[in-house]
Amino acid sequence: MPSYEPKNIESKWQEVWEKEKIYQAKDFDQKPKFYTLIEFPYPSGAGLHVGHARSWSAMDAYSRKKRMQGYNVIFPIGWDAFGLPTENYAIKNKIHPSIATSKNIATFKKQIKKLGISFDWNREINTTDPKYYKWTQWIFLKLLENKLAFQKEVLVNWCPSCKTTLANEEVLANGAHERCGQLTEKRLQKQWLLRITKYAQRLLDDLNLVDYSPKIRIQQENWIGKKEGINITYDIDGISDKVIVFTTAPVNFGATFIVVAPEHELVKKIVDGKIDVLESNVREIKQYLEISKRKTEQERLDEKRKKTGVFTGLYAINHVTNGKIPIWVTDFVIASVGTGAVQGCPGHDIRDFQFAKEFNIPIVRVIKGEDSDESQIEKEDQVIEHGQKGCFINSGFLNGLEFDDGLQKTMDYFEKKGWGRRVVSYHLRDWIFSRQHYWGEPIPIIHCEKCGVIPVPEKDLPVELPYVEKYEPSGTGESPLASIKEWVSVKCPKCGESARRETDTMPNWAGSNWYFVRYLDPNNEKELSSLKKMKYWLPIDIYQGGFEHTTLHLLYSRFIYKFLYDIGVVPTPEPYAKRRSHGIVLGPDNRKMSKSFGNVVNPDEIVLKYGADTLRLYEMFMGPFDQAVSWNEDSLQGCFRFLTRTWRLFNENIKEAKTSDNLSRKLHQTIKKVAQDFEELKFNTIVSALMEFINDWGKSYLSKKDAESFIKILAPLAPHISEEIWTGVLKNEFSVHKETWPEYDKKLIIEDLITIMVQVNGKVRAQVEMKNEDGQVEAKAQDRAKKDPRIIKYLEGKEIKKTIFVPGKLVNFVIN
RNA sequence: GUCCGGGUGGUGAAAUUGGCAAACACGCUGGCUUCAGGAGCCAGUGCCGCAAGGCUUGGGAGUUCAACUCUCCCCCCGGACACCA
């Protein structure tokens with residue numbers, strides 16, 4: 001018998017599988033379709049990570065099992081290749097990003113192929129390929145056409161030292177630029193935005209149409225963050241302007257001031273002199289705006305949320321008290337949240353309380369808590385916020401009402417009086433879609449002095465990225481593309497006069513929004529994907545990816561897909577019928593794998609030492625799929641030993657005879673468990689079930705037919721050794737991966753001896769073993785138990801008050 | 001601060017979803033076989049105890065005949081968001 005040498009068999013079979021094209025999905029096949037999607041990787045310079053190998057091994061096993069069960073499986077792969085890391089790497093190493101990208105892709109491909117993953121390479125896509133991003137740009141034009149893309153001045157991160165705008169990802173938690181360490185500032189700049197908020201309610205409602213694990217669903221719901229409240233319009237004393245506040249908890253008898261964001265319209269009017277207030281007020285406001293703009297994130301954090309602000313000189317009229325309440329400007333109010341203005345109720349909101357304390361504004365208590373002390377109103381821990389229990393006081397017609405009831409009554413009252421209108425507000429914001437970088441899809445827009453913003457005509461797509469030597473940030477806050485004169489200057493498609501191209505590019509998300517429909521028709525030059533093919537393949541049956549993408553990418557791609565559905569381009573309301581997420585692989589030291597910690601494990605080395613099958617098994621065995629797990633090479637040994645033992649048993653323990661009843665039962669139980677665990681993505685227990693079977697087989701022998709059943713259930717997990725055993729040892733026809741998944745025999749899994757445990761008052765005191773016969777078990781088990789000396793000891797002299805019998809499991813005597 | 005996970009032997013973990021806690025694997029101990037190679041086989045391995053037996057799933061309470069599993073309070077670890085009105 002030759003010994004198990006993975007390196008002798010793995011590359012051999014990888015070549016055969018590729019040559020025989022056994023993993024190619026067939027459009028419109030008669031078999032039921034099954035679409036397995038994994039998040040396509042970012043081809044970074046670091047190469048393949050054992051984390052990639054973990055989820056792909058598992059989903060590969062899953063796809064292989066589905067094929068064996070008779071499905072026409074599509075399991076594609078591609079490259080999400082635009083983005084900052086490549087651009088930074090390119091700048092540093094003076095390699096063009098496109099060259100770095102293709103180099104990285106080549107490395108990834110080589111590494112992936114060594115793992116024996118059954119990807120359909122025929123459908124490979126690359127987001128940086130102009131033939132691909134032509135359609136990313138096309139989607140943008142459609143969004144524009146439907147008024148879902150628009151330009152707006154928004155606050156962006158700005159690094160004063162590098163003179164460049166930064167993506168949020170480039171700003172560290174302390175506000176420093178991750179590359180140069182300088183503290184960043186906020187700056188107003190015109191950006192492209194996508195109106196995802198228009199889809200907020202549908203994105204929320206349609207979670208009912210899909211099967212996402214509860215954790216993912218909650219994350220989506222929280223991110224959309226639906227809140228029901230009321231917009232209240234305040235009159236301002238002496239002028240015709242009004243101010244609208246949004247609140248979910250209108251405790252208006254306690255409203256003693258109003259605060260507006262620095263960017264609020266009212267503030268702008270005062271600064272512009274359109275509203276008359278004292279000169280000193282205007283001066284203070286201008287000063288405040290200047291200071292808060294300059295403030296870095298770091299400074300804001302250092303202040304520990306100390307409230308700052310200035311009085312505008314204006315007063316609003318509180319509807320229910322008729323009192324004049326001052327209007328202040330403060331930067332703790334965010335312009336884009338609600339209406340950018342808040343009514344201050346310092347008795348019942350910590351931030352309002354802090355603000356009132358800081359500026360000596362009266363604090364009025366209108367909710368009495370369960371055991372609150374009204375004389376302690378000046379203390380922060382006495383603030384009773386919405387969500388706590390309490391009832392209304394000092395509130396006229398509301399007095400005595402429970403917190404929530406009073407709020408509802410207030411809203412009814414305000415609506416009736418015409419002072420306010422109930423509104424729904426979402427945490428979800430419109431999506432900033434502009435990036436000032438080179439390595440992204442150019443936004444297909446032309447700016448003409450005469451005609452304004454003109455979309456690039458569809459026939460001129462794609463707007464290709466110019467190939468240039470320099471792609472460093474421009475220093476003006478514009479994208480590096482702005483400095484490429486020949487590219488920027490262009491004729492206006494409408495009037496023919498000279499105009500300039502939009503120089504912003506799209507974010508990394510743009511290409512990954514819709515990639516899964518391109519797999520279905522990767523070479524289509526007329527449309528992003530053929531509707532007929534999409535109708536056959538969509539929706540995606542299972543989408544598997546990391547937890548880090550369960551909010552943004554998932555939400556963004558659902559939004560874009562829904563939009564495409566609305567314009568009739570894709571066939572279903574939701575793209576992913578089912579979504580599950582997996583945990584990351586940590587280093588042996590329990591920390592995130594990273595070069596700087598020196599704890600990175602390279603899958604290539606593991607393949608070289610133990611073979612791909614061992615790596616794959618271990619990745620699945622190491623822990624629950626949805627949990628983070630730490631790498632441990634010692635544990636890997638166990639998987640290698642398992643395969644070695646399997647190899648030996650197939651060479652030595654097969655006989656031309658019937659398998660023993662016990663082992664046959666174990667086999668069928670194993671088939672059942674493996675199939676079940678596959679559907680629940682419990683890969684770790686699949687591996688342990690197979691190990692258990694091998695341990696039993698070692699004590700006995702299998703018939704050839706039963707051995708074949710076992711290799712079939714091992715095949716999805718360890719494809720190489722299984723193929724070698726199937727064709728080489730068992731001398732069957734190529735390929736085990738085209739075989740049919742075995743069914744277990746219901747009759748064979750029934751145990752003929754069962755063990756009933758006997759409890760007294762819920763504690764196990766004995767067990768009785770008996771034949772598994774119909775009907776008689778309960779009575780017999782009780783009978784036997786009562787005669788058992790270990791039980792008699794406990795029952796002596798006691799009265800049995802109750803006997804509980806769980807069929808096939810236990811008898812419990814309850815005594816006093 | 002808010003939301004979401006998680007806490008079980010020396011270690012990674014399992015537990016049919018309320019029914020024998022610790023399957024499987026690593027490690028360790030002893031033995032066999034070989035001999036210094038990350039090889040193979042057998043036995044043992046939660047804790048205390050010579051034993052009978054007792055104790056044990058972060059801590060505390062509760063529901064139940066029965067709790068790792070359900071309820072409430074608290075502690076610790078990880079992640080996401082963060083002055084969201």
Side-chain angles (χ1 to χ4, degrees), chain A residues 3 173 214-216 218-219 221-223 225 227 229 245-250 259 261 300-301 303-307 330-334 336-345 348-352 354-355 385-387 425-429 547-548 550-552 583-584 586 590 592 609-610 617-618 621-624 626-642 644-645 648 673 676 682 684-695 698 755-767 801-815:
Chain A
S3 62
K215 193 176 166 184
I216 300 169
I218 289 166
Q219 272 188 42
E221 286 171 347
N222 287 350
W223 195 263
K227 271 171 305 210
V245 305
F246 170 74
T247 178
T248 52
V259 271
R300 277 173 207 257
L301 285 173
E303 284 166 355
K304 300 215 166 82
R305 294 183 184 174
K306 179 172 173 336
K307 299 293 178 282
T330 176
D331 60 8
F332 87 79
V333 176
I334 300 162
S336 54
V337 175
T339 59
V342 177
Q343 55 179 16
C345 306
H348 306 287
D349 182 285
I350 294 285
R351 294 153 304 178
D352 295 350
Q354 291 163 345
F355 191 83
E385 294 197 290
H386 189 209
S425 152
Y426 299 90
H427 170 262
L428 187 67
R429 312 286 175 76
F547 270 110
E548 67 275 24
T550 47
T551 37
L552 297 184
I584 57 168
L586 302 169
N590 244 321
K592 214 169 177 169
K609 258 194 197 166
Y610 300 96
L617 273 181
Y618 173 62
F621 183 62
M622 60 200 301
D626 59 359
Q627 222 169 274
V629 280
S630 317
W631 188 265
N632 178 354
E633 193 166 330
D634 288 340
S635 249
L636 192 96
Q637 291 286 346
C639 293
F640 183 70
R641 279 178 204 153
F642 163 70
T644 312
R645 215 171 298 164
R648 208 186 54 236
K673 173 153 180 70
Q676 240 169 31
K682 288 160 77 174
N684 54 335
T685 51
I686 293 177
V687 178
S688 63
L690 295 173
M691 287 173 168
E692 271 187 66
F693 179 77
I694 285 291
N695 290 345
T755 307
I756 305 277
M757 57 172 162
V758 185
Q759 297 183 334
V760 178
N761 280 351
K763 276 194 192 281
V764 181
R765 296 301 180 189
Q767 48 268 91
K801 292 193 341 204
K802 205 166 154 194
T803 305
I804 287 153
F805 186 78
V806 181
K809 294 254 168 66
L810 67 81
V811 184
N812 185 15
F813 297 113
V814 184
I815 58 175

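Lettering of chains follows the sequences in order, A, B, ..., and the numbering in each one begins at 1. The structure displayed is predicted, hence computed values, not measured ones.
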Item to complete: Tell whether A:Q627 reaches the base of B:G6 with its side chain through a donor-acceptor pair below 3.5 angstrom.
Response: no
Practice prompt. Have a look at B:U17 and give me syn or anti from its glycosidic angle (syn if within 90° of zero).
Written response: syn
Fill in: Backbone of A:N632 reached by a side-chain donor or acceptor of A:Y618 within 3.5 Å
yes
Practice prompt. Could you state the atom-to-atom distance from CG of A:D352 to P of B:C83 in whole Å?
Written response: 15 Å
Discussion item. Let me spell it out: for each of A:P214 and A:A628, pick the nucleotide of RNA chain B with the closest heavy atom. Which residue's pick is nearer the 5' end?
Written reply: A:P214
Worksheet item: For A:K682, which residues count as a side-chain contact (heavy atoms from CB on, under 4.5 Å) partner, sequence neighbours excluded?
Response: A:D677, A:E680, A:N684, A:T685
Practice prompt. Take the protein atom OH of A:Y610 and the nucleotide atom C1' of B:G37, then report the distance between them rounded to whole Å.
Written response: 13 Å
Discussion item. Restricting to side-chain hydrogen bond (donor to acceptor under 3.5 Å, both in side chains), what partner residues turn up for A:D634, sequence neighbours left out?
Written reply: none
Practice prompt. Provide the distance between the two C1' atoms, one in B:C72 and one in B:A80, to the nearest whole Å.
Written response: 27 Å
Worksheet item: What's the NZ-C1' distance between A:K609 and B:G37, to the nearest Å?
Response: 13 Å
Fill in: For A:T644, side-chain hydrogen bond (donor to acceptor under 3.5 Å, both in side chains) partners two or more places apart
none
Worksheet item: What pairs with A:I694 under side-chain contact (heavy atoms from CB on, under 4.5 Å), at least two apart in sequence or on another chain?
Response: A:F642, A:R645, A:T646, A:L649, A:W697, A:F710
Nucleotides 53-56 of chain B: which of its N/O atoms have a protein N/O under 3.5 Å away?
| residue | atom | partner | partner atom | Å |
| --- | --- | --- | --- | --- |
| B:G54 | OP1 | A:R765 | NH1 | 3.2 |

Worksheet item: Can a salt bridge be assigned to the pair A:K609 and A:E633 using a cut-off of 4.0 Å between side-chain N and carboxylate O?
Response: yes
Practice prompt. Pick out which of A:V806, A:V764, A:N812 makes a side-chain contact (heavy atoms from CB on, under 4.5 Å) with A:M757.
Written response: A:V764
Item to complete: With sequence neighbours left out, write down each residue that passes side-chain hydrogen bond (donor to acceptor under 3.5 Å, both in side chains) with A:E221, or none if nothing qualifies.
Response: A:R217
Response to the item:
Contacts of A:K802 meeting side-chain contact (heavy atoms from CB on, under 4.5 Å) (sequence neighbours excluded), chain-then-number -> A:I804, A:V814
Worksheet item: Separation of A:H427 atom NE2 from B:C84 atom C1', in whole Å?
Response: 6 Å
Practice prompt. Whole angstrom is fine here: how far is it from CG in A:L690 over to P in B:A14?
Written response: 16 Å
Worksheet item: Less than 3.5 Å between a donor and an acceptor, one on the side chain of A:R351 and one on the base of B:C84, is that the case here?
Response: no
Worksheet item: How would you list, by chain and number, every residue that makes a side-chain hydrogen bond (donor to acceptor under 3.5 Å, both in side chains) with A:R648, sequence neighbours excluded?
Response: none
Distances under 3.5 Å between protein N/O atoms and the N/O atoms of nucleotides 1-4 of chain B, please, pair by pair.
| residue | atom | partner | partner atom | Å |
| --- | --- | --- | --- | --- |
| B:C3 | O2' | A:N222 | ND2 | 2.6 |

Worksheet item: Rounded to whole angstroms, how far apart are CD on A:E548 and P on B:C81?
Response: 11 Å
Discussion item. At less than 3.5 Å, do the side-chain atoms of A:K801 and the base atoms of B:C65 form a donor-acceptor pair?
Written reply: no
Worksheet entry | Partners meeting side-chain contact (heavy atoms from CB on, under 4.5 Å) with A:T803 (sequence neighbours left out) | A:Q782, A:I800, A:V811, A:F813
Fill in: For atom CG of A:N812 and atom C1' of B:C65, their distance in whole Å
5 Å
Worksheet item: Taking protein heavy atoms under 4.0 Å as touching, what does nucleotides 24-35 of chain B look like 5' to 3' if B marks base contact, S marks sugar-phosphate-only contact and - marks none?
Response: BSSS--------
Item to complete: Treat a base pair as Watson-Crick or G-U wobble with both distances under 3.5 Å, then lay out RNA chain B in dot-bracket form, 5' to 3', with | for cross-strand pairs.
Response: (((((((..(((......[....)))((((((.......))))))(((....)))..(((((..]....))))))))))))....
